Each structure stands twice: as structure tokens, then as C-alpha cells.
Amino acid sequence: MSEIDLPEDHPRYASLLTRHRIEAGVEKGITSKQGLIAQGRGEAFDYLLGEQTIPSADAAERAAAAQLLLADHPVLSVNGNVAALVAPEIVALAAAVDADIEVNLFNRTEKRMEAIAAHLREHGADEVKGLTADGRIPNLSHERAKVDADGIGAADVVVVPLEDGDRAEALADLGKTEIVIDLNPLSRSAQTAAIPIVDNIIRAVPNMTAHAEELHGSESETLHTIVDQFVGSDALAAAEEAIRTGAQ
Ligand code: PTJ
């Protein structure tokens, strides 16, 4: 038994554990109620993908790790679902690629911002950005546009997991290189990304960290080659194909 009262050999263990974490996130005031709906949508796609990291997603996670290692100022954006599902794993990824962590919410309230920052600190984050909110993403309604000027505002590469399409597009319009984690290959966020990762965030983030640790110390030419050889539209097509033909 672990975390929840369910045997780890239960066939739906990972899915039930994920649901439990999101539920606990809502109870703790870090995840919005809409986060439950977003989780259900993601789960449906994950089921069709066989609840596994397909080869094109693994390639995307490797390219993302290389891109983050090449970045001057990478930032990992965290919302209420991400905080509930993978807080310690986000802290580990930030350490592996020397990235900032910034809380950036769709349904922004100061109370949730504070609760998520505290939750990340409980899981080892030294510094959490997003609370200063002295920067703005142009062409977005007020609350959703708030960022830290020295965080996402100054970033060259941003990881935006489980993001809404509008903000993903607005960030891309600012010239940021976007790495999107989204189980729906048809979502606008995934379509907008330089590197779309069609995988469950609970698998994607640890795998990005593993790739980053393995690539650490590589020549920048090697990292550039990994990034250049990755083609986002091919990865999206491979994910759609896996869903259509049944990856299981
Ligand atoms: O905490 P907030 O206020 O910033 O709100 C966060 C949510 C996620 C509620 C908000 O951004 C939202 O409503 O997002 P959407 O538009 O529902 O998009 C979420 C996307 O993430 C969907 O395309 C889902 O398929 C996908 N998704 C859901 N769970 C996972 C996922 N992708 C990867 N891993 C998951 N576990």
C-alpha cells in the first residue's frame, strides 16, 4: 500500500493515484474545481494512449531536456493541477536544468497562488516566482496575463504543462520557445508548442529529468542536434496515430 489505500498491483493504480492527488489538491486549496474536469479530459486521452509513454513522446521529452539545458533562462510554469500531481518532480527537473519555477494560474486568486507556492516549498523549492506579478503577457485578459518580469517575462524557454490554448499562443507570440505537456495532441497548446509532449505529466516530468541528467555535460552541438532533429508536427501525428490505432 502507498499514498492511498490501494494495492500497487491494481490494474488502474496509476490512474486512481492521479485522481486521488487531484482530489487532495482541491481539498488543500491548490487545485481549482475545473482542474477535476481537466484531469478527466486528460485521463481519456491517456487511456487511448495505453497509459504509457509512446516513443514519439520519449523523443519529445529528450528534445525538451536538451532545449532546457541550452536555454539561458528556462522557466517551469506551474498551475493547480501540476502542483497537485508532480510538485517534487518539478523541483527535481528545475534542479537538473537550472530553471526557475513560476506559479501561473488560469483561475488566479492570491490565496491559491500562496497555497501553491507553499506546497512547492514544502517539496523542496528554494524560490518560487509568480507572486510579484510585475510583468504582463500582452493580448490576454488581466488576471491570466500576470507574470513575474524576471521570471516568465524574461524567459527564453518556458515549460507550460496543461495550459489553456490562448495563453500558450500569447506566450509563443512573445517569441518564447514553448515546451507544452498535454495529453491531447489536437489541443491548441500542443499545436502551438515548439516541442509538444503528448504524455501524462506524471510520466513526462521524471522522464525529462532522467534525460537531462543523462545529457548533462554534453557539447552544445550535441544538444542542438537533438533539438533540430525533433519535429513537433511529426510527434503530434504519431500521437494521433497511436490514439486511432490503439497504442495498447
Ligand atoms: O490551476 P489553474 O487555475 O491554472 O487551471 C488549470 C486548468 C488545467 C484547470 C486550466 O488550465 C484548464 O482548464 O485547462 P484545460 O483547457 O482543461 O486544458 C488542460 C489540458 O491538459 C487538456 O488538453 C487535457 O487533455 C490536458 N491534461 C489533463 N490532465 C493531464 C493533461 N495532460 C497531461 N497530463 C495530465 N495529467
Side-chain angles (χ1 to χ4, degrees), residues 12 14-26 28-54 57 60-61 64 76-87 89-90 93 101-117 119-120 130 133 137 140-147 152 158-171 178-193 195-208 235-236 239-240 243:
R12 309 223 49 81
S15 164
L16 292 167
L17 178 66
T18 307
R19 286 183 184 188
H20 170 78
R21 286 190 185 163
I22 288 286
E23 227 184 302
V26 173
K28 205 173 168 185
I30 60 180
T31 307
S32 70
K33 285 185 186 159
Q34 287 186 16
L36 295 165
I37 300 166
Q39 169 61 28
R41 181 146 50 146
E43 224 177 72
F45 284 102
D46 204 18
Y47 184 81
L48 294 171
L49 284 164
E51 295 175 351
Q52 60 183 323
T53 300
I54 59 173
E61 285 152 13
L76 314 181
S77 180
V78 172
N79 65 20
N81 285 48
V82 175
L85 292 177
V86 285
E89 291 84 358
I90 282 284
L93 176 61
I101 298 175
E102 177 158 342
V103 183
N104 189 249
L105 300 183
F106 180 70
N107 301 297
R108 184 185 175 110
T109 65
E110 289 316 304
K111 204 172 161 196
R112 279 184 66 225
M113 292 292 296
E114 296 284 354
I116 293 170
H119 182 71
L120 288 163
I137 307 169
L140 264 188
S141 57
H142 190 63
E143 289 301 310
R144 289 161 51 201
K146 288 183 175 175
V147 292
I152 288 177
V158 196
V159 178
V160 279
L162 285 60
E163 184 58 90
D164 82 293
D166 273 7
R167 193 162 41 195
E169 271 183 356
L171 281 169
E178 268 187 306
I179 298 166
V180 163
I181 304 170
D182 193 322
L183 277 159
N184 178 4
L186 301 172
S187 81
R188 209 147 34 104
S189 313
Q191 306 269 345
T192 301
I195 302 181
I197 298 174
V198 183
D199 198 5
N200 197 319
I201 192 167
I202 63 170
R203 296 187 299 269
V205 172
N207 198 32
M208 287 161 77
L236 292 173
E240 274 189 58
I243 286 170

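Every number for a ligand or one of its atoms is a count from 1 in the order of the listing. A quick note: this is a predicted structure, and the numbers were derived from the prediction, not measured.
- For atom 4 (O) of ligand 1, the closest non-hydrogen atom of the protein is Phe106 N, 2.6 Å.
- The distance from atom CD1 of Ile30 to atom NE2 of His119, rounded to the nearest 0.5 Å, is 4.0 Å.
- In this view, Thr53 and Asp199, Arg203 satisfy the side chain to side chain donor-acceptor pair (under 3.5 Å) rule, not counting sequence neighbours.
- At a 4.0 Å cut-off, at least one heavy atom of Asp199 sits close enough to ligand 1 to count as contact.
- Nearest residue to atom 19 (C) of ligand 1 from Thr31, Asn107, Leu162, Val86 is Leu162 (criterion: closest heavy atom).
- Going from atom NZ of Lys33 over to atom CG of Asn107 covers 12.0 Å, rounded to the nearest 0.5 Å.
- For ligand 1, the atoms closer than 4.0 angstrom to any heavy atom of Leu85 are 36 (N).
- Here Ile181 contributes atom CD1 and Glu61 contributes atom CD; the two are 7.5 Å apart, rounded to the nearest 0.5 Å.
- Comment: Arg108 engages Glu110 in a salt bridge, judged by a side-chain N to carboxylate O separation of less than 4.0 angstrom.
- The residues Lys146 and Glu143 are annotated as salt-bridged, a charged nitrogen and a carboxylate oxygen being separated by less than 4.0 angstrom.
- Under the 3.5 Å distance criterion, the side-chain polar atoms of Arg21 are left unmatched by any main-chain donor or acceptor of Ala84.
- Listed by number with element, the atoms of ligand 1 under 4.0 angstrom from any heavy atom of Asp182 are 20 (C), 21 (O), 22 (C), 23 (O), 24 (C), 25 (O), 26 (C), 32 (N).
- The shortest N or O to N or O distance between Leu183 and ligand 1 is under 3.5 Å.
- The ligand atoms of ligand 1 that sit less than 4.0 angstrom from a heavy atom of Arg112 are 1 (O), 2 (P), 3 (O).
- Applying the side chain to side chain donor-acceptor pair (under 3.5 Å) test to Asp182 and every residue at least two apart in sequence or in another chain returns Ser187.
- Distance from atom 13 (O) of ligand 1 to its nearest protein heavy atom, with residue and atom name: Gln34 OE1, 4.4 Å.
- Using a 4.0 Å cut-off between heavy atoms, Arg108 makes no contact with ligand 1 at all.
- Polar contact check, Ile181 against ligand 1: no nitrogen or oxygen pair lies under 3.5 Å apart.
- From the protein, the heavy atom lying nearest to atom 12 (C) of ligand 1 is Ala38 CB, 4.5 Å.
- Between Asp166 and Leu140 the shortest side-chain heavy-atom distance falls below 4.5 Å.
- Two residues are said to be in side-chain contact when any heavy atoms from C-beta on lie closer than 4.5 Å; Ser77 and Ile152 meet this criterion.
- The nearest non-hydrogen atom to atom 25 (O) of ligand 1, considering only Ala44, Gly25, Gly42, comes from Gly42.
- Residue-ligand proximity, Gly35 to ligand 1, at heavy-atom distances under 4.0 Å covers atoms 9 (C).
- Proximity to Gly80 (heavy-atom distance under 4.0 Å) selects the following atoms of ligand 1: 1 (O).
- Residue, atom and distance of the protein heavy atom nearest to atom 17 (O) of ligand 1 are Arg41 NH2, 2.8 Å.
- Between the side chain of Gln191 and the main chain of Pro185, a donor-acceptor pair closer than 3.5 Å is present.
- Put simply, CD on Glu169 and CD1 on Ile137 are 12.5 Å apart, with the number rounded to the nearest 0.5 Å.
- Contact atoms of ligand 1 toward Asn184: 23 (O), 25 (O) (distance under 4.0 Å to a heavy atom of the residue).
- In this structure, atom 33 (C) of ligand 1 has protein heavy atoms in its sub-4.0 angstrom surroundings.
- For atom 36 (N) of ligand 1, the nearest non-hydrogen atom from the set Leu105, Asp166, Asn200, Ile197 comes from Asn200.
- Nearest to atom 6 (C) of ligand 1 by heavy-atom distance, out of Ile37, Val82, Asn79, is Asn79.
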